There are 2 protein chains.
Amino acid sequence: MSKVLNQRYGVSADTFARVTAVIKEMGYEASLVAQSLRNHRTNVIGILVADIEPFSTELLKGAADAIRGTGFELVVYSAGGRIGDPQGWEHRYLTRLSGTLVDGAVLVTPAVDLEGIPGTPVVAVDPHTGRAALPTIDSDNLHGGRLATEHLLALGHRRIALITGREDLKSAQQRETGYRGALASAGLPVDENLVRRGDYEADIAAESARRLLREPDRPTAVFAANDITAIAVIQAAQELGLRVPEDLAVVGFDNIPESALCTPPLTTVQQPIREMGHRAVELLVRLINGDEPTDTHITLSTELVVRQSTRPLTP
Amino acid sequence: MSKVLNQRYGVSADTFARVTAVIKEMGYEASLVAQSLRNHRTNVIGILVADIEPFSTELLKGAADAIRGTGFELVVYSAGGRIGDPQGWEHRYLTRLSGTLVDGAVLVTPAVDLEGIPGTPVVAVDPHTGRAALPTIDSDNLHGGRLATEHLLALGHRRIALITGREDLKSAQQRETGYRGALASAGLPVDENLVRRGDYEADIAAESARRLLREPDRPTAVFAANDITAIAVIQAAQELGLRVPEDLAVVGFDNIPESALCTPPLTTVQQPIREMGHRAVELLVRLINGDEPTDTHITLSTELVVRQSTRPLTP
DNA sequence: CTGAAAGCGCTAACAA
DNA sequence: TTGTTAGCGCTTTCAG
């Protein structure tokens, strides 16, 4: 009967038909768990995300696209933004699943740099440490940071603030480095008073923005470390009666769907999030199948998308 | 050693310490699969979604909230909007997982009405059939449809179009029934030419809207069967040079985050999506634990949220 | 071609 | 208190 299910040799046409009939009759489906335990191949790819939010959602869509036609199934594990177990839940999940429930995993939870699990291929998206031992998909955050800042400079802005991202993330650091580099290249000093915390949290960013914008010598432009932050900045500005982009230009980073829909639509550096998900799955499948690993550190390029939240500075 | 892990009686302090040390040393974690196979309790709740899109994402957030502190883990299975297997993938997944990998499941994939799996509690969100045999969470779509339509009537509109939702979904039908009912109550006939297909698909809805709005006797208001549809309508109107809400009022349904961010922000009927996710998990946990099932068909109420996409009709 | 049996990693029950 | 064993549902191997 197992032979029938798995299309193996050594079954007479008669038995085959009979067994098939009964299987249909009973609506039988093999237990995934028992299969997993026996075969070590499961044809399931796990994606571990820290939380369900716009970035991870976009990434999941890309991953879902990529998985189609590969014969793999997709299972998403969300830590649900939990706090109690900040370190190592990735590792714990991974070891519990590996070898059995999943053939490989994509880690979208960037806070931990783990050395891979022995038998289980893992691809990290935008990891903590930058180029780790693990295969990695990320995007060119350094260049993106420069692009955003240069755009504002080209529009005539000189007092350009930065709302930073999470300090523990390499990607956020690189965006800041790009910002500083662009100012330096333009021969401008960095006014440290214009660099404020954002942590990629809407609340924190909004608070920083409110304080910043209430100061007498406020900036004419803000580069926000991601779109969530940028949208918070726009809202804070509007609360204070400032118009965007007339009184304040805002540039974001990420290009989540919300950035095109907010008011006004956000000029942002496009990180190809869906493609990152796509590539991550693609790479992982290749690793699982034991194909030649070509390149295991893929950096996708970033691009500026100009929308209505910026325009030339009018003096 | 199993006893150590599971905190069972009959282990000396000495052995406990030694075993614990080795476990730490090796970074051991019990295999979820083997555990599942042995114990039939897994402490995992599965959520099956048809696709990763704004509605299911919102719902997942609510579910993730609810799961905290219950001792359950959350695993999401996405069909990835697949087409080849339109019927019954839910059933297939469910039978493959049930009794082993998950203790229960939430179905967010509304297209199929299945009778429950023997041993596995299942809660359906917004199901195909309305009040099925399965425990159900939904919202008051009928009332919501009335609310939306009555709002437009109160603003003075008389030519109110409807872009419908997916025909196979009870919820979409109810929104339409609410629309027709409100018009009838106001003593207005339904102009069938103003009722167009949307299928909850942005492309289809946009095309319907473009045709509708190009006709000589176009409506002054549109009730869109969900927010995705409504945003598509707004974009179509803007393409044609119509201003929203000056030339066309638009009301949506669902209240996904995008509806507050689109331009102009969308007046919409609020379906408490997050709460639906929350309630679904809550109910499921209760069923799994064998608690008294109180009420297994929960209908949450809907409310109108007025934003800038509607305002009184100016003749 | 069909039936029986071992074993995947784990835990509950039992024997020592 | 510790060590041993059966068996969860499946597939693969080997004997009939």
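For clarity, every value in this text was computed on a predicted model and none was experimentally measured. Chain A is the first sequence line, chain B the second, and so forth, proteins listed ahead of strands; every chain is numbered from 1.
Here the side chain of S12(A) is nearest to one of dC8(C), dA12(C), dC1(C), namely dC1(C). Listed nucleotides dC14(C), dT1(D), dT11(C) differ in distance to N39(B); the shortest reach to its side chain belongs to dT11(C). When the nucleotides dA13(C), dG9(D), dG7(D) are ranked by their closest atom to the side chain of A34(A), dG9(D) comes out on top.
Across the protein-nucleic acid pair, N43(B) atom CG and dT11(C) atom P stand 12 Å apart, rounded to whole Å. Atom NE2 of H40(B) and atom C1' of dC10(C) are 12 Å apart (whole Å). Rounded to a whole Å, the CZ atom of R41(A) is 13 Å from the P atom of dT12(D). With rounding to whole Å, L5(A) atom CG is found 15 Å from dG9(D) atom P. Atom CG in N6(A) sits about 9 Å away from atom C1' in dC10(D), given to the nearest Å. The distance between atom CZ of R18(B) and atom P of dT1(D), rounded to the nearest whole Å, is 14 Å. For the pair R8(A) CZ and dC10(D) C1', the interatomic distance rounds to 14 Å; values are reported in whole Å. As rounded to whole Å, 13 Å separates atom C1' of dA12(C) from atom CD of Q35(B).
In this structure, V11(B) reaches the sugar-phosphate backbone alone: every heavy-atom distance under 4.0 Å involves primed, P, OP1 or OP2 atoms, never a base. Backbone-only contact: Y28(B) has heavy atoms under 4.0 Å from sugar-phosphate atoms and none from a base.
To the nearest 0.5 Å, atom CD1 of residue I137(B) and atom CG of residue L107(B) are 12.5 Å apart. With values rounded to the nearest 0.5 angstrom, D103(A) atom CG is found 11.0 Å from E73(A) atom CD.
Within the 4.0 Å cut-off from OP1 or OP2 of dC8(C), not a single side-chain nitrogen or oxygen of S31(B) is found.
Under the 3.5 Å distance criterion, the side-chain polar atoms of Q173(B) are matched with a main-chain donor or acceptor of E167(B). Between the side chain of N255(A) and the backbone N or O of Q271(A) there is no donor-acceptor pair closer than 3.5 Å. T302(B) places no side-chain N or O within donor-acceptor distance of the main-chain N or O of N141(B), the cut-off being under 3.5 Å.
Both L37(B) and K3(B) lie near DNA chain C, and the one whose nearest nucleotide falls closer to the 5' end is L37(B). Between D14(B) and R38(B), it is D14(B) whose nearest contact on DNA chain D lies nearer the 5' terminus.
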